[in-house]
Structures are given as C-alpha cells and as structure tokens.
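Owing to the predicted nature of the structure, the values given are computational and were not obtained by experimental measurement.
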Amino acid sequence: MADDHAVVRHGLRQILADEFKRAAFGEARNAQEALDLVWKENWDIAILDITMPGRSGLDVLREIKKSKPRLPVLVLSMHPENQFAVRVLKRGASGYMTKESAPVELVGAVKKVMAGAGICECGK
C-alpha cells in the first residue's frame with residue numbers, strides 16, 4: 001500500500017486484514033518507498049495513491065509496469081474518476097477507485113483485481 005497519509009494506510013490495512021486473514025502487508029509513504037517494496041518483495045497486488053510526495057503515483061505505476069508487468073495495481077485516489085481513471089488504466093493499472101468508496105467495495109475490487117479482472121468506478 002502506498003499512500004502519504006498514515007491514517008489511510010492504517011485504515012486500508014484494517015479493512016483488508018479483516019477479509020484476508022493471512023495476508024502480509026507492506027506500507028510506503030512515498031513513491032520511492034513504494035518502488036523499493038515492489039522491487040524487494042513478491043506481492044500479489046499493489047494499492048497505489050496518485051498524489052504522493054516526490055514522484056507521482058503515475059510515475060510509480062509506470063515503473064511497476066516496467067519491472068513487474070504482471071503485478072496487478074489498484075489505484076485508490078481522492079481524485080474523481082473523470083480526472084485520472086482512463087489515464088491510469090491506459091498505463092496498465094488493473095483498477096481505479098476513489099477513496100470515497102465503501103470498504104466492502106474496496107474488498108471486492110481487490111478480489112477482482114487479484115483474480116485478473118479489471119475494475120473502474122467510471123461513470124458511477
């Protein structure tokens with residue numbers, strides 16, 4: 001999980017840990033930490049914010065797709081779908097959701113993305 005807000009990372013971990021009991025989590029506060037985690041570990045999914053200190057989440061997405069093209073990336077952002085969804089999907093993200101989504105929607109999206117299905121709240 002990459003997000004510059006500790007409370008968001010903690011909330012994501014809580015939501016996902018309730019559903020994925022045996023999951024291991026990595027947390028990154030910025031783009032470089034996110035890339036370091038992706039390069040060092042074999043994750044099942046990356047959850048990425050767009051707006052972080054330093055390089056943007058779009059840059060991180062590009063780097064992830066270069067080094068680990070099969071790693072599913074779910075972008076979870078405060079930005080409305082009409083601003084970024086199409087861009088991140090074209091760059092290889094498996095899905096896009098806003099932080100306004102309900103926890104149950106996040107869990108469902110993670111399951112879909114890990115199963116190989118893309119998701120987007122586009123038009124919601």
Side-chain angles (χ1 to χ4, degrees):
M1 297 176 248
D3 193 292
D4 55 324
H5 296 97
V7 72
V8 172
R9 292 191 313 272
H10 179 77
L12 289 172
R13 179 187 287 264
Q14 287 296 111
I15 292 166
L16 295 173
D18 286 345
E19 182 66 29
F20 303 97
K21 304 283 188 214
R22 298 178 359 153
F25 297 92
E27 294 184 26
R29 297 173 293 177
N30 58 48
Q32 192 56 56
E33 287 182 10
L35 290 171
D36 289 345
L37 281 172
V38 167
W39 292 330
K40 289 178 185 173
E41 302 288 338
N42 288 315
W43 302 105
D44 294 321
I45 187 172
I47 300 175
L48 181 63
D49 188 15
I50 290 177
T51 308
M52 293 185 290
R55 297 169 60 190
S56 78
L58 294 173
D59 291 335
V60 174
L61 175 60
R62 185 180 319 113
E63 290 297 318
I64 289 173
K65 288 306 177 180
K66 277 187 202 173
S67 64
K68 296 200 175 182
R70 298 187 118 156
L71 177 64
V73 178
L74 174 62
V75 175
L76 184 63
S77 177
M78 69 177 184
H79 300 288
E81 297 86 9
N82 62 355
Q83 288 183 354
F84 285 102
V86 173
R87 286 169 58 188
V88 301
L89 295 173
K90 283 184 178 179
R91 290 189 185 187
S94 301
Y96 185 91
M97 296 182 69
T98 66
K99 291 179 181 176
E100 297 292 321
S101 301
V104 69
E105 292 172 320
L106 174 64
V107 168
V110 168
K111 287 179 178 180
K112 284 181 183 178
V113 166
M114 288 177 58
I119 62 101
C120 179
E121 290 185 335
C122 305
K124 213 176 177 190

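A 4.5 Å side-chain heavy-atom check between V73 and I45 finds every atom pair outside the cut-off. Under the 4.5 Å side-chain criterion, counting only non-hydrogen atoms from C-beta, E63 is not in contact with V60. No side-chain heavy atom of V75 sits under 4.5 Å from any side-chain heavy atom of L58. At least one side-chain heavy atom of V110 sits less than 4.5 Å from a side-chain heavy atom of L74. With contacts defined as side-chain heavy-atom distances shorter than 4.5 Å, the pair K65/R91 does not qualify. Taking the side chain as every heavy atom from C-beta outward, M1 and V8 never approach each other to under 4.5 Å. When side chains are defined from C-beta on, F25 does not count as touching I47, because their heavy atoms never get closer than 4.5 Å.
A donor-acceptor pair is defined here as one N or O able to donate and one able to accept, closer than 3.5 Å; such a pair exists between the side chain of K68 and the backbone of V38. A donor-acceptor contact shorter than 3.5 Å links the side chain of E105 to the backbone of A102. The closest donor-acceptor contact from the side chain of W43 to the backbone of L37 lies under 3.5 Å. The main-chain N or O of M97 is never found under 3.5 Å from a side-chain atom of S101 such that the two would form a donor-acceptor pair.
Side-chain atoms of H79 and T98 form no donor-acceptor pair, as typed in the model, at a separation below 3.5 Å.
Here the shortest heavy-atom pairing between G92 and L61 reads C-CD1, 4.4 Å. The shortest non-hydrogen separation linking A34 to A2 is CB-CB, 3.7 Å. Heavy atoms only, all atoms of each residue included: L48 and G57 are closest at CD2-O, 3.4 Å. Taking both residues in full, the closest heavy atoms of P72 and V113 are given as CB-CG1, 3.3 Å, listed atom of the first, atom of the second, then distance.
For D3 and R29, the salt-bridge test fails: no basic side-chain N is under 4.0 Å from an acidic carboxylate O. Looking at D4 and R9, no side-chain N of the basic residue comes within less than 4.0 Å of a carboxylate O on the acidic one, giving no salt bridge.
Rounded to the nearest 0.5 angstrom, E41 CD and L71 CG are separated by 12.0 Å. Note that the NZ atom of K99 and the CG atom of L76 stand 6.0 Å from one another [nearest 0.5 Å]. Atoms OG and CZ, on S56 and R62 in that order, are 7.0 Å from each other to the nearest 0.5 Å. Between atom CD of residue E33 and atom CG of residue N30 there is a gap of 4.5 Å, rounded to the nearest 0.5 Å.
Side-chain heavy atoms closer than 4.5 Å link hydrophobic residues (I, L, V, M, F, W, Y) into clusters, and following such links, possibly through other members, connects V7 to L16.
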> Passes side chain to side chain contact (heavy atoms under 4.5 Å, CB included), I50 versus Y96? Steps please.
Replying inline: CA-CA 10 Å; I50 290 177; Y96 185 91; 3.8 Å; yes
>> Walk me through whether D36 and Q32 qualify under side-chain hydrogen bond (donor to acceptor under 3.5 Å, both in side chains).
In response: CA-CA 6 Å; D36 289 345; Q32 192 56 56; 2.9 Å; yes
>> Would V86 and E81 count as a side chain to side chain contact (heavy atoms under 4.5 Å, CB included) here? Give the steps.
In response: CA-CA 8 Å; V86 173; E81 297 86 9; over 6 Å; no
> Are L12 and L106 close enough, and set up right, to give a side chain to side chain contact (heavy atoms under 4.5 Å, CB included), and what steps lead you there?
Replying inline: CA-CA 9 Å; L12 289 172; L106 174 64; 3.4 Å; yes
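Within 6.0 Å of the CG atom in D18, the count of heavy atoms belonging to other residues, nucleotides or ligands exceeds 12.
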